[in-house]
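Every heavy atom of this structure was used, including side-chain atoms; hydrogens, water molecules and symmetry mates were not.
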Amino acid sequence: MTNKEIAELLRNVASAYSIKNEQKFYFQIIAYQKAADAIENSITEIKDLNKENALQSLPGVGPSIKAHLEELLKTGTIAHFKWVFEDIPSSVFPLLKIPSFGPKKAYRLVKTFKLNNPKTVIKDLENIAKKGKITPLAGFGEKSEQDIIRAINEYELEKTKSVRMTLPFALELADKITDYLKKSEFAMQVELLGSLRRMVSTVGDIDIAAASSNPKGVIEHFTKYPYKERVIEKGDTTSSILTSGGHQVDLMVQPPEAFGSLLQHFTGSKAHNIHLREYALKKGLSLSEYGIKNPKLPNKKLQQYKTEELFYKAIDMDWVPPELREDSGEIELAIGHDLPKLIELSDIKGDLHIHSNYPIEPSHDLGRNSITEMLDKAKEFKYEYLGFSEHNPSISKHSESELLKILLKRDKMFEKIAKDKKDVRIIKLLEVDILPTGKLAISDKAFDFLDGVIVSVHSSFTLDINKMTNRIIQGLSNKKAKILGHPTGRLINERQGYNLDWNKIFEFCFKNNKAIEINSCPSRLDLPDTLVKKAVEKGVKLVINTDSHAVYQMKNMKYGVSVARRGWAKKSDILNTLPYNKFIKWLRT
DNA sequence: GCCGTTTTCGGCCCGACTGTTTTCAGTCG
């Protein structure tokens with residue numbers, strides 16, 4: 001079973017508990033949901049964690065759920081869950097995937113209309129609603145019947161809960177909407193929050209906060225956004241719309257004197273906020289988007305905060321960079337005033353993964369812009385150096401001597417260009433395939449023309465974990481192989497990464513002075529943030545590259561830097577923050 | 001069911017909005 005499937009199973013357990021008796025099982029429900037979140041977000045497969053006896057390293061997995069998971073992996077089923085699910089028709093669960101359907105509503109409808117076929121339950125319910133049979137039920141009405149029909153319709157058309165957006169896509173959409181919001185005469189300040197502000201690799205909803213002394217005015221304007229499918233909700237301080245592209249946008253509005261509290265609340269993450277509020281509660285303080293209350297004081301007066309810094313300060317904490325707000329230790333460090341100083345975009349001194357259009361006759365794709373054009377862009381970014389790392393010339397189409405000739409020719413081209421372009425130093429690299437056997441796709445002689453190589457996997461993605469790990473370690477073992485490119489091979493929303501034993505890889509890189517790439521391409525963001533954090537903890541060095549195949553992609557560096565920040569990386573963890581002399585020294589040793 | 005710099009027992013974030021009601025249940029973030 002995949003992590004996603006296991007997470008769904010645990011969420012179904014939580015739903016089953018709330019159908020059975022929400023009061024009685026209140027905290028079990030929360031516990032199962034929390035464990036489901038942790039498992040869904042885990043980069044390591046549950047079966048691999050179990051092999052390492054590390055299931056309880058996941059936050060929210062304690063002795064009981066651990067035992068259940070072990071049973072599941074061993075026998076394929078969990079006896080306790082059979083009891084949990086008894087009396088609950090399995091046709092309840094498909095309905096839970098539809099927005100606005102919770103366990104109570106789904107169960108009630110399934111039971112009332114005896115909808116016992118999980119494969120057809122959604123269609124069956126739609127037909128029942130269309131016949132007007134839901135309106136007469138106690139607690140339902142005509143409006144809720146229409147809402148059910150629409151919710152099913154949107155779900156079937158995949159208008160909602162569809163794939164998560166990549167960062168640039170989400171940013172572009174969010175910018176459109178914030179530009180529109182700023183046109184409201186009542187909006188004094190507009191900010192992007194939620195997962196977009198935390199720079200999570202994919203974004204589900206767009207969250208926006210506005211400061212205004214007339215919240216209703218801003219919300220009125222928001223709900224008139226021209227490119228919307230419909231208004232989902234509209235209240236006094238919050239509102240949600242569905243864009244015509246099927247993406248949900250949530251808006252929250254507070255007066256400027258409480259804007260800091262709102263920024264904090266709406267940036268999340270949920271786990272960060274819950275932990276923060278539990279911590280504050282122990283100090284007798286109650287936190288919300290409105291500010292901070294002390295319920296024990298007789299007047300219970302609410303203290304408001306204009307800025308986030310003041311809000312955190314009020315509970316004796318340092319301001320926490322949004323990228324860290326995932327409840328992975330940042331709260332404890334902020335209390336102890338010991339948060340790391342994270343790397344910033346301006347620390348980057350060069351980009352090492354650049355594909356120019358130089359005709360190197362590669363096995364994979366060539367870049368679209370010339371060496372000169374890419375150097376000009378690098379100068380604009382004030383880089384000291386740029387590493388050209390086209391794919392290796394294809395080995396099936398070239399003999400060794402032909403390959404060497406091609407590299408020699410590129411070398412001469414570099415020299416010629418370098419005479420004119422002195423602002424940015426050229427670093428001579430290649431991106432070389434690690435073949436399934438672990439061998440590199442160029443011969444040792446070719447290395448004489450190179451300062452170093454990035455090695456990457458571009459084929460046979462489905463080798464088992466041991467073979468793949470050994471393949472990569474062997475590929476990295478060559479003296480000139482200094483950087484492991486897009487290390488998990490994942491393509492967001494398209495392809496999972498290959499299975500690797502990260503402990504072994506990190507250990508090898510640390511011992512042998514190899515660096516791992518954080519690839520800034522928005523559909524890769526690879527190494528992923530959670531693995532960056534582990535690499536940093538183990539002292540493994542990283543480089544942040546864009547893997548640009550065109551000049552315009554070179555600006556993607558900011559996404560890679562965000563991944564590094566989400567992985568708690570400091571400037572000293574990232575090698576391409578080094579000045580040229582120090583970097584080239586590392587590369588050549 | 002999980003968890004611990006007040007705890008291995010006794011806590012567990014805090015709120016908005018909708019539709020159905022006449023004070024609340026359900027869903028969501």
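- Put simply, CD1 on A:Ile331 is 12 Å from P on B:dC13, counting in whole angstrom units.
- Residues that satisfy the side-chain contact (heavy atoms from CB on, under 4.5 Å) test with A:Lys66, not counting sequence neighbours, are A:Asn53, A:Leu55, A:Gln56, A:Val61, A:Glu70.
- In this structure, the side chain of A:Asn556 does not engage the main chain of A:Cys521 through any donor-acceptor pair within 3.5 Å.
- Between A:Phe25 and A:Phe27, the distance separating the two ring centers is not shorter than 6.0 angstrom.
- Contacts classified as side chain to side chain donor-acceptor pair (under 3.5 Å) and involving residues 202-214 of chain A (residues at least two apart or in different chains) are given here: A:Arg164-A:Thr202.
- Side-chain proximity of A:Asp250 to B:dC17, B:dG29, B:dT27: nearest is B:dG29.
- For residues 248-265 of chain A, the pairs satisfying side chain to side chain donor-acceptor pair (under 3.5 Å) are A:Ser240-A:Asp250, A:Gln248-A:Asp250, A:Gln264-A:Asn273, A:Gln264-A:Tyr312, A:His265-A:Arg277, with sequence neighbours left out.
- Annotation: B:dC3 and B:dC13 have their C1' atoms spaced 16 Å apart (nearest Å).
- Atom CG in A:Asp327 sits roughly 16 Å away from atom P in B:dC2 (whole-Å rounding).
- Rounded to whole Å, atom P of B:dG29 lies 12 Å from atom CG of A:Asp37.
- The side chain to side chain donor-acceptor pair (under 3.5 Å) contacts involving residues 37-51 of chain A comprise A:Arg11-A:Asp37, A:Arg11-A:Glu40, where partners must be two or more places apart or lie in separate chains.
- Here the nucleotide nearest the side chain of A:Lys234, chosen from B:dA16, B:dC2, B:dT18, is B:dT18.
- A heavy atom closer than 4.0 Å to some atom of DNA chain B occurs in A:Arg277, A:Glu278, A:Leu281, A:Lys282, A:Ser286, A:Leu287, A:Ser288, these being the qualifying members of residues 276-288 of chain A.
- Taking atom P in both B:dT8 and B:dG4, the straight-line distance is 13 Å, to the nearest Å.
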Margin query: Please encode protein proximity along nucleotides 19-25 of chain B as a string of B, S and -, counting only heavy-atom distances under 4.0 Å.
Written below: SSS----
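- At whole-Å resolution of the value, NE2 in A:His68 and C1' in B:dG1 are 9 Å apart.
- Every residue meeting the side-chain contact (heavy atoms from CB on, under 4.5 Å) condition with A:Ile274, not counting sequence neighbours, appears here in chain and number order: A:Lys270, A:Glu278.
- A heavy atom closer than 4.0 Å to some atom of DNA chain B occurs in A:Asp205, these being the qualifying members of residues 202-213 of chain A.
- At a non-hydrogen distance threshold of 4.0 Å, nothing from residues 172-180 of chain A comes into contact with DNA chain B.
- Each ring pair (Phe, Tyr, Trp, His ring centres under 6.0 Å) pair with one or both residues in residues 33-76 of chain A, not counting sequence neighbours, appears once here: A:His68-A:His80, A:His68-A:Phe81.
- With sequence neighbours left out, the side-chain hydrogen bond (donor to acceptor under 3.5 Å, both in side chains) criterion links A:Thr237 to no other residue.
- Taken residue by residue, residues 15-30 of chain A places heavy atoms nearer than 4.0 Å to DNA chain B at A:Phe27, A:Gln28.
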